[in-house]
Structure formats: C-alpha cells, structure tokens
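The structure under discussion appears below in the form of structure tokens.
The structure presented is a predicted model; accordingly, all values stated were derived computationally and were not measured.
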Amino acid sequence: MLTSKFTMYAPLLANRYLTSRIIPFIAVAAVALCVALVIVVVSVMSGFLEMVRSSGKTLTGDVVVSRPITGIPYYEELLKEIEALPEAAAASPIVETFGLLQMPYGTGDGGKQIEMVEVWGIEPSSLDRVADYASKLYWRKPAGEAGDESAEEAIASMALDNPLRDPMFHRESAGMSMKDDRGEDGLVLGIEISPFNQRSRDGSYRTIDPRTGAQSADYFLPNAGEVTLTLVPVSDRGSLGGEKRRKFSVVNEFQSGLYQVDANRILAPLGAVQAMLRLDSAPIVSTTEFGEDGRPKVIGESPRRATTIVVRAEPGVSALALRDAVKKAYEAFWSRLAKDPTRFTKPPLPDGVNIATWEERLADFIGPVEKERELMRTLFSIVYLVCAGLVLAIFWAIVQEKTRDIGILRAIGASRTGVLWIFLRYGLLIGIAGSLLGVLIAWAVVARINDIHGMLGSPAPLWLKVGSWLAVVGALAMAVRGVRRASALHTVLWSFLSIALILISVVLLLHHGFLVWDPSVYYFSRIPSSLDLVTAATTVLGGVIFSVVGASIPAARAADTDPVKSLRYD
C-alpha cells in the first residue's frame, strides 16, 4: 500500500525537486546550450551543402551525356530520341573546350590581358529549357519589373549606385540571342572574369572605375569593345590543328552562383565554337575516286558534333531513373546507326560515352562538403558527453543535499527501484526541458543569423553602449553593497559580473563593424538560415538520453542509501 502511494507521489517529488532550487535550472540551461550549439553548427553546414548542391547543378541539368574532344556525331537525332523519353523534359547540346581570351584592356606593358577560360558552345533557347539559362544572365531587368507597384518599390529599394537601375545595363535579349547590335555572334562571360566587376556586400555588382573606385558605365564590359577568342582543334587521332582566332563582342555576363564557374567560364554560340574546333559538318571525299574536274569525289558528309548533352528530368522523375532511360536510348541510337551503311561516321560505342547524373559528375566537389558536415556532426557529438557530465555533477550535489529526504522515503517503505525512478524521472524532465529550450534557442539564432551577422558588421548603437555602461555602474553598486553587508557570496558574484560587463562595454565602445561572412569575399551572399530538422530531432533525442545517463549514477547512489544511517546523518 505504501509502495503504491509512493509511486503516485514520485512525479510530484520530481517536479518539486525541479522547481524548488535554482541548481536544476542550471542543469536545464547546460543541456539547452549544448543542444543549441549542435543544431546551429550542423544547420549552417547543411545549408551550406544545399547551396553547394544547387550551385553545382547550375547549367548542367539532371543528367549529362559527354564525350570530350571528338564529340558525339548525329547528336541532333540523339536529342530527339532523348526528348521523346517519358522521363525527359528537355535536352540541349554543348561543346566544351578550353581557350584563350584576349581582353580589351592592357596589362601595363602595352599588351592585352590574356585569360585562360573554359569555353561552352551553347544553344541559349534549349539550354534555357534545361537549366533556366535566362535566369543566370546578370545584366537584365530586376525580377518582377513590369511597371506594377511592387516592382517599382523593389527597384526604389535598390542602392542608388546599383547599375541595374539604369536600362542601359539591361541586356537580357542580347544574352538570349547571343547577337550584338550588328547581328554578329557575341559572348556571355562569367561575371567574375572582368576585373572591373566588383561584388558588394549586398551581393550585387558594380562596374568600378579602378582610378576612383566609383561606379562607371565606361567599365561595363559589353561597352568595352571586342575580345578575341583563340581555340585549338584536336583531331580524332589526337593531333593539334592550326589555332583558330575570332573576334567577338561581349553581349552579357552570367552569374551561376559558383565562383569557380563565374571566374573561368565563357558561353559562345554553339555553331561558332563547332566551326572553330572543326566539329561542324564537312564533306567527306574519296581517296580513290575523282570527278570530271579532277578533284576528289564527295562521297558523304561528316556530321556536326557536340561533346556534351545536358538533360532535364520531368517533375517527379529522379535523376537516376532518367540516367538509366538515357543509357537505353543511347544504346538504341548507337545500334541503329552502327548498322546503317549510309553513315560513313559511326557514333562511339556506349562504353565510350559517359552518361551520369549531375551529382555523379560533381562527386569530387560535393563529396568533401558532405564529409565535412558529417565530421562536424561527429565532433560536436562530444557535447553530449559534456551534457551528461554536467547533469551527473549537479545531480550528485542534489543527492548529497537530499540525503535525509531519501532516508525518510526509504523508512516509510520506498523501494530502491522507487528512489532510483524518482531521480531518473528528474533527469528525464531536465533532458526534455533543456532539449526543447535548446531547439527554441537554435531556431531563433538560425532564423535570424543574417540579422545577427549584420549587427556584428555595423557599429554598436549609442543606446547599447550607454546601456552597457549603466549596467556596469549598477553591478559595481551591488558589489559595494555586498561588501558593506559582509556577504562574500554577493561580493564575489557581483564583482565577476562587473568585470564581464566592463569587458563587454569596452568591446562595444571599440566595435566599428566586423563581418565574418563578407559576400564580397565569400561567394554566397547570405549565411544559410534554415533549421536542419533531422539534426534537431536527433539532437533532442541525444540530449534527453545523455541527461538520463548522467542522472543514472547519482540515482543509483540515492537508491543505495541506508535509511538508518541517513536519518542519523547530521
């Protein structure tokens, strides 16, 4: 009977122990800070990984079919077969190579600056269907500008020196057609290639006059004259042909979201790149037959080639499913053309063509970031041990304090298991309360992390500086009061608080703005600000479990308490 009554009072006792002293709240705060720390760090890392993923997929679609250098002949027919697949939404051809770009500005010794670049020959319209090419063009009307009030407000909110306020910088039509004002082929350069494009803290670009540091349309690369692109064709046998040089106008610049791409890649019309690399169509002549004019007889035509085909999946179709479907389509395409005697040029064997998802193609880039996140998650799991140690130390002190209470409970019939369960329940309550509070703190920090970062990047406001010094005066007054009352505890506590507040006040006084994440240095303009729900759930579970583990040893000590000895305890 006594045992059943005791069991009924166990929750009441655990609740009373939790609310009757301040020391349990220290345990709750310790668990909350541990949980919040893990969630904030891993959430930022997870957000950064997602940014890397979305940027890494830029201009590549879901599946990539590639054969470098020599390319894939009859790619137009392959495109049609791929687009006929129920898994595929769109496909676009690309020619990838490397080249030299002679810029329209000098090097200081009378020459012209030469940049080594990655060259992509593209079809803007089809690439837009695959990878939203139009949205990557930087010099265009700001999103939503159509004369409506909300768009006008958006434009008005832009910085006064932002060149996108000037219609002269709106070159989206030229970027989509890849034609200049004369109707000639033009190039679209990565936004970071031009040294005059300077990224500001809000993530936007200015065309900067290097002499004055001010925004200037004179240094807008599409206005700066022609550039010269040099490419070197490579034959099927691996020999180099004569270099091909051609002048182009710069018609726009693009921003992919990945610095390595924007600082090294240029986009050119597909036909122009094919012609320069000798991947365009050309007649095939006989080495044994001659026409009436004595020239070798034309017996066929070498087809145009593309080195890469990017494919976009239909909504709801995974990249892996699309990859498998494209592989089957290519095998059927190769089988049909290989048996066609009228085709003098045969497509490469299926094993000679790489067909992979965008993640497989970028595995060397994405993989290390994923491993860094998991390493961070593993290292910060040590915090759980800290959490368990803090709970153990606090509960050990509580058990010492409650020795007589435990003896009374044992004397009136409480079993060892019952006493053990009181303190385990006590630890469980602290774990749950601390973990939930930690999630709340983490959510508040992650959701407002960019605002917090912005505050760190600005001088401290006057009211905060004045308030901190007033708090110092108040803390010093309380420390003096403790001395007058001969209270060592109050004197020590208020003295430590005074020192801490003085340090904070000095930092605020000297603080003029410090940015850890400067968008003009780091490519992503904002810190990831989405809570990792999976990490939050697992961290809460870990916080609760380790709180109970930390409480179990003091709980076992309490359960072993001898009631006779504890009641005799003075």
message: Quick one, V273 and V119 - any side-chain contact, counting heavy atoms below 4.5 Å?
response: yes
### Query
Heavy-atom distance under 4.5 Å between the side chains of E115 and Q113, does that happen here?
yes
One should read off an interatomic distance between I193 CD1 and L101 CG, to the nearest 0.5 angstrom, of 7.0 Å
The reported gap from OG in S173 to CG in L137 (rounded to nearest 0.5 angstrom) is 10.0 Å
**Item:** More than 12 heavy atoms of other groups within 6.0 Å of W469 CH2
**Value:** yes
Looking only at heavy atoms, the pair that brings A32 and I441 closest together is CB-CD1, 4.4 Å
Heavy atoms, side chains only, cut-off 4.5 Å: are V353 and V65 in contact?
yes
If the plane angle is over 60° it's perpendicular, under 30° parallel, otherwise tilted; pick one for F220 and F169.
tilted
Are the side chains of V311 and V64 in contact, using a 4.5 Å heavy-atom criterion? no
*Any side-chain heavy-atom pair of K465 and S505 under 4.5 Å*: no
To the nearest 0.5 Å, atom CG of L390 lies from atom SG of C34 at 6.0 Å
Side-chain heavy atoms of V310 within contact of I94, under 4.5 Å = yes
For E253 and S194, does a side-chain donor sit closer than 3.5 Å to a side-chain acceptor? no
- Message: Please check this pair: side chain of Q215 against backbone of T207, looking for a donor-acceptor N/O pair closer than 3.5 Å.
- Response: yes
For Y205 and I191 the tightest heavy-atom approach is OH-CG2, 3.6 Å
In this structure, CG of L37 is separated from OG1 of T539 (nearest 0.5 Å) by 10.0 Å
dist S126:OG -> L270:CG (nearest 0.5 Å) comes out at 8.0 Å
Is the closest side-chain donor-acceptor distance between Y219 and R211 under 3.5 Å? yes
Correct closest heavy-atom pair for A217 and M168 would be CB-CE, 3.4 Å
Between A442 and I39, the two heavy atoms sitting closest are CB-CG2, 3.6 Å
The residue among D62, D132, D128 that forms salt bridge (Lys or Arg N to Asp or Glu O under 4.0 Å) with R312 is D132
Could you walk me through whether S468 and L501 pass side chain to side chain contact (heavy atoms under 4.5 Å, CB included), step by step? CA-CA 7 Å; S468 65; L501 288 173; over 6 Å; no
With distance as the sole test, does D262 use its side chain to make a donor-acceptor pair with the main-chain N or O of S256 at under 3.5 Å?
-> yes
Q. Is the backbone N or O of D532 less than 3.5 Å from a side-chain atom of S43, with the two atoms forming a donor-acceptor pair by type?
A. yes
| query | Is a salt bridge present between E360 and R323, judged by a nitrogen-to-oxygen distance below 4.0 Å? | reply | yes
Given the options R265, R361, R67, E96 meets salt bridge (Lys or Arg N to Asp or Glu O under 4.0 Å) only with R361
Note: I208 and Q198 closest approach over all heavy atoms is CG1-CB, 3.5 Å
Check: With a 6.0 Å cut-off on ring centres, are Y138 and F254 close enough?
Finding: no
Interatomic distance, NZ@K136 vs CG@L127, rounded to 0.5 Å, equals 8.5 Å
**Request:** Look only at the side chain of Y133 and the backbone of G175, and say whether a donor-acceptor pair between them is shorter than 3.5 Å.
**Result:** yes
Open item on the list: Main chain of W139, side chain of H170: is a donor-acceptor contact present, judged purely on distance under 3.5 Å?
Closed with: no
message: Between D209 and A214 (side chain of the first, backbone of the second, donor and acceptor by atom type, cut-off under 3.5 Å), is there such a pair?
response: no
Of all heavy-atom pairs linking S435 and V31, the shortest is N-CG1, 3.8 Å
